[in-house]
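None of the values given here were measured: they were computed from a predicted structure.
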Amino acid sequence: MSAALQSSDDAFRTVTSEIATDLDLSSPLEFYLRHRLTVVEELWEVVLRQECGQELVDILTQLRDLTSPEGQAPEVGGEALVQVIETLELGDAIRAARAFALYFQLINIVEQHYEQTQYQLAYERSRLEPLPEPDESPDALHPIEIPQHQLDPFAAVIPLNQDPATFQTLFPRLRQLNVPPQMIQDLTDRLDIRLVFTAHPTEIVRHTIRDKQRRIAYLLHQLDELEAGKNRGLRELEIQNIRQQLTEEIRLWWRTDELHQFKPTVLDEVDYALHYFQEVLFDAIPLLYQRFRLALQGTFPNLQPPRYNFCQFGSWVGSDRDGNPSVTSAVTWQTACYQRSLVLDRYITAVEHLRNVLSLSMHWSEVLPELLSSLEQESMLFPETYEELAVRYRQEPYRLKLSYILERLHNTRDRNTRLQQQQEKEATPPLPEYRDGTLYQTGAAFLEDLQLIQRNLEQTGLSCYELEKLICQVEIFGFNLVHLDIRQESSRHSDAINEICEYLQILHQPYNELSEAERTAWLVQELQTRRPLVPARMPFSEATREVIETLRMVKQLQEEFGEAACQTYIISMSRELSDLLEVLLLAKEVGLYDPVTGKSSLQVIPLFETVEDLQNAPRVMTALFELPFYTRLNPTQAEPLQEVMLGYSDSNKDSGFLSSNWEIHKAQKALGTVARDHHVKLRIFHGRGGSVGRGGGPAYEAILAQPGRTTDGRIKITEQGEVLASKYALPELALYNLETITTAVIQSSLLGSGFDDIEPWNQIMEELAARSRRHYRSLVYEQPDLVDFFNQVTPIEEISKLQISSRPARRKTGKRDLGSLRAIPWVFSWTQSRFLLPSWYGVGTALQEFLQERPEQNLNLLRYFYEKWPFFRMVISKVEMTLAKVDLQIAHHYVQELANPEDQERFERVFSQIAAEFQLTCHLVLTITNHGRLLDGDPELQRSVQLRNGTIVPLGFLQVALLKRLRQYRNQTETTGLMRSRYSKGELLRGALLTINGIAAGMRNTG
């Protein structure tokens, strides 16, 4: 700790008290961060001293002091670190692991709080900066001629080295670039951003711990306000009180178990995901709309703002059954009921508040006949409510109207509660009866009542922000809160149809043995016949019955909750046209598709995941669009809309980072062309994970790197695991994330660079991707020792013991090879052992082979790519960020300590191969970026990584020591049946799992 920082409270308070007037805050904010880190570290040490004694604090200090100044494991003297750890008793080792994990969690809280403060001040600064004079001329909506230099594909219309644009900075820039206002209006009108929360097994922090983190964040916010206050005498007492509360809260945290006590159920995961809507998003989204509207009209006053629901949310939690047998039809039904109950509770609270606000009297405010007529009708529907409130509100029509609205909402919630209490084993519970008009069947009817009140207020010269906010929330969240996506693996549908056809004996050979052409012809024929295929009683296997019951449940959901509740069915591992038609045929059997009218209430979405499937995606979609009946499925739109999902995880595991990203980029371009040729609107659904190895990283840069003309105002993105906490835990962080995603979509749609269409550049990337893929696969799939290496030197087996997900870590193939391992634990394990191999391996060799052809010319070309081409810059930046987190010294320690003695020699060869590629990749990334050190172009990220690395190192050594003891125990019991350890297997496993928790917190992501 810095004594200077510890003694600088007065200077800090002087600086922070000037924040409101001095907006050049980069230096004070950095000072604030250092000060707050010092405070938190002091509290951490105080708690550990109180809970564990000075001896443990001394051990932790000794361990941290043995790391290198750069935060890496020491190249020389590492044996001293190992010696200290090896001599620790298990109890002390576990306490040390817990202490470091607690440190990382506290640091994460401080950094999130710092980021939120940074974003708030940046927003205030942009709001106060003078804007260019708005164009109020009558021609402001008409296209204007864009100067030729702006059409030049080499013109850098999107500065790649600037911070993400906010609404306040975006619209003035669009005006400076002479983007026609009508183009902006057209894009604004069709803007469609969808973020989908998923429950993939990467969220390692317990819900209980998250609650404590929020409490500490709140106390730190209070401390900020006090330290910036004016009354010093009173302030010192209050600061002392807050610090005492922080100490108590951290002590309570220390005595709370970090590990999940049981494997979470699917409904536990639903509760966790929806928590962010309860705490942050329900109230934050209306602010997003307000910021958009004010910024747009500040620059383009004649343009109309977007729809309230231009940004919507979906969820896979409780509806994604791919590889998760725990997600049943009953669970999905329960999920939909739970979502509705949460949003209805919020609406009831909001309407009760509105009833207090809208106290207008007929004595002093005019009331239009429309409102009075509705009150008369509702008095007959709700005679008891009328009798109770007619006298009290006889001169206050708005309050009376809102009372009737409340009555309907209460009845709707009561009905939903009865539905929710049906037995879980019933896939389609019977629907309780209700009288027409006494409850809301959909959110649209509720919205109509609110808009009736709004019209009456506006026509009498009034407005109400709280009412507008509620209308915005209803348009976005409806009565479903989020849209549920169903997902299932393609072979489940083909197997179901195969079983049905065999039972009915309607094909000359088993369906699964038909060629693709035969399958497609038969499916198209069946889709156009009215004859049912599935008998009422289903004498089928459990797997087939579940597929059919799922679709029946979707039909029931749409009837009860409206089509918007659940209208997308995602088919993972989509390979052929028949994969899509199979689902549509099964949907026909339950009434989701009507062959007579040609209408479907279910959207069939292919998910292309492997490199081969991505390459075949344009062919599959062309065949689909050329089916005459298919494009007529949604006749309400001038052009049908097709969603296509692209998977980042499996393609990366299959072919490596560079190849995966390039194949996805190419697939988007080709799919965009196919859609335009067939007059179909396209929405790309990006299946991004939290880590770079699964498509993660900054969303803003990733969206700007999309190929031109493929976004067109529409995008859908998954938000997974620990990403939810990092983006949506605090209101301003959530707003900043949503705002920058929106501005990136707008820029990508309006300001395409043209680089993606330069064929020689595409050919170079094609060669780089192919070379990278060859080198990656030569290690991962062709190196015979890699599987054993991975299983021994990473904590993959221990990770599978973590109770963090209802979904199994491996697919049910009966094998324990890489093919059966899911992408998430694959990335998670390499991250824990500090290799992070899936996010960079193969890139260096690809770049080197290209540079060897023409060293000087090709280096200049790659530097130009990095400077100008958003896609290439995004790829290199992600690789650079990952390389900065790699620590080969500690990774080598995993190899030396965890490999079986007889395997050491062959594992050293594997490690040497990995290390050589790492050094090569680092050198070439630094050469291309012209950086002296990794992340020199992003000092804040560089600081964050270095801040953590120094403490992750001893935690990594602790993990190795505990894994070694655990595996020695297991080997002893397996070979001799005897146990010679002083500790039980459970104690050793617990210690190892605690280190996994700590490293995940320090790295700020898992899988």
>> Working to the nearest 0.5 angstrom, can you tell me the gap between L481 CG and S341 OG?
In response: 9.5 Å
>> Pair Q112, L220 - check side chain to side chain contact (heavy atoms under 4.5 Å, CB included), show working.
In response: CA-CA 11 Å; Q112 277 196 328; L220 287 174; over 6 Å; no
> What residue among T335, L342, V317 forms side-chain contact (heavy atoms from CB on, under 4.5 Å) with L274?
Replying inline: L342
> Shortest non-hydrogen contact from D283 to L287?
Replying inline: O-CG, 4.0 Å
> With Y404, which of T385, L389, T438 fulfils side-chain contact (heavy atoms from CB on, under 4.5 Å)?
Replying inline: T385
> Is there a side-chain contact between E407 and N411, using heavy atoms and a 4.5 Å cut-off?
Replying inline: yes
>> Within the 4.5 Å heavy-atom criterion, are T743 and T166 side-chain neighbours or not?
In response: no
> Does the side chain of F104 come within less than 4.5 Å of N997's, by heavy atoms?
Replying inline: no
>> Can you tell me how far apart CD (Q441) and CG (L439) are? Round to the nearest 0.5 Å.
In response: 6.5 Å
>> Is the shortest side-chain heavy-atom distance between E475 and Y289 below 4.5 Å?
In response: no
> Taking all non-hydrogen atoms of both residues, which atom of G647 and which atom of L607 are closest, and how far apart?
Replying inline: N-CD1, 3.6 Å
> Does F479 have R340 sitting over its ring (NZ/CZ under 6.0 Å from centre, angle to axis within 45°)?
Replying inline: no
> Side chains of E719 and Y728: do they bring a donor and an acceptor to under 3.5 Å?
Replying inline: yes
>> Nearest 0.5 angstrom please: M645 CE to I717 CD1, how far?
In response: 11.0 Å
> Quick one: does F310's side chain get under 4.5 Å of T742's, heavy atoms only?
Replying inline: yes
>> Tell me the closest heavy-atom pair linking K727 and A699, and the distance in Å.
In response: NZ-CB, 4.3 Å
> H113 vs H221 aromatic rings, parallel, tilted or perpendicular, using cut-offs 30° and 60°?
Replying inline: perpendicular
> With a 4.5 Å heavy-atom cut-off, do F282 and Y347 have their side chains touching?
Replying inline: yes
> Which atom pair, heavy atoms only, marks the closest approach of L191 to R307?
Replying inline: O-NH2, 3.2 Å
> Closest heavy-atom contact between P305 and T188?
Replying inline: C-CG2, 3.8 Å
>> Going by the rule side chain to side chain donor-acceptor pair (under 3.5 Å), which residues pair with E732 if we only count those two or more places apart in sequence or in a different chain?
In response: R291
> Hey, what's the ring geometry for F685 with W316, parallel, tilted or perpendicular (30° and 60° as the breaks)?
Replying inline: perpendicular
>> Run the side chain to side chain donor-acceptor pair (under 3.5 Å) test against R399 and tell me which residues pass, sequence neighbours left out.
In response: E396
> So, does S944 use its side chain to make a donor-acceptor pair with the main chain of E940 at under 3.5 Å?
Replying inline: no
> Is the shortest heavy-atom distance from the side chain of L223 to the side chain of R36 under 4.5 Å?
Replying inline: yes
>> I'd like to know if the side chain of Q558 and the backbone of C566 have a donor-acceptor N/O pair within less than 3.5 Å.
In response: yes
>> Could you work out, with side chain to side chain donor-acceptor pair (under 3.5 Å) as the rule, every residue matching E466, not counting sequence neighbours?
In response: none
> What closest approach, in Å, do Q720 and R688 show between heavy atoms, and which atom pair accounts for it?
Replying inline: NE2-O, 2.9 Å
> Between R190 and D192, is there a salt bridge with N-O shorter than 4.0 Å?
Replying inline: no
>> Nearest 0.5 Å, please: how far is CG in N480 from OG1 in T442?
In response: 9.5 Å
> Sub-3.5 Å donor-acceptor pair from the side chain of Q488 to the main-chain atoms of S572, do we have one?
Replying inline: no
> Taking it one step at a time, do D320 and T198 satisfy side chain to side chain contact (heavy atoms under 4.5 Å, CB included)?
Replying inline: CA-CA 8 Å; D320 177 13; T198 73; 5.9 Å; no
>> Can you tell whether the side chains of R215 and E248 come within less than 4.0 Å, N to carboxylate O?
In response: no
> How long is the gap from CG on L735 to CG on L281, to the nearest 0.5 Å?
Replying inline: 8.5 Å
>> With side-chain hydrogen bond (donor to acceptor under 3.5 Å, both in side chains) as the test, pick out the partner of D485 among K716, Q603, Q567.
In response: K716
>> What I want to check is whether the side chains of Y308 and E468 have a donor and an acceptor closer together than 3.5 Å.
In response: yes
> Charged N to carboxylate O below 4.0 Å: is that the case for E111 and R948?
Replying inline: yes
>> Whether the Q421 and R418 side chains hold a donor-acceptor pair (N or O, under 3.5 Å, no angle test) is what I'd like checked.
In response: no
> Does a donor on one side chain sit under 3.5 Å from an acceptor on the other, for E549 and S329?
Replying inline: no
> Between R321 and I486, is a side chain to side chain contact (heavy atoms under 4.5 Å, CB included) present by the stated rule, with each step listed?
Replying inline: CA-CA 7 Å; R321 52 246 309 127; I486 303 293; 3.7 Å; yes
> Quick one: do R408 and E378 make a salt bridge, cutoff under 4.0 Å?
Replying inline: yes
> Are L354 and Y398 side-chain neighbours, meaning at least one heavy-atom pair lies under 4.5 Å?
Replying inline: no
> Would you call the rings of F477 and F313 parallel, tilted or perpendicular, where under 30° means parallel and over 60° means perpendicular?
Replying inline: parallel
>> Please report whether the ring centroid of W333 lies less than 6.0 Å from that of F561.
In response: yes
> Could you state the interatomic distance from NZ (K401) to CG (D449), rounded to the nearest 0.5 Å?
Replying inline: 4.0 Å
>> Quick one, D268 with D271, criterion side chain to side chain contact (heavy atoms under 4.5 Å, CB included). Give me CA distance, side-chain angles, the key distance, then yes/no.
In response: CA-CA 5 Å; D268 289 330; D271 180 65; 5.7 Å; no
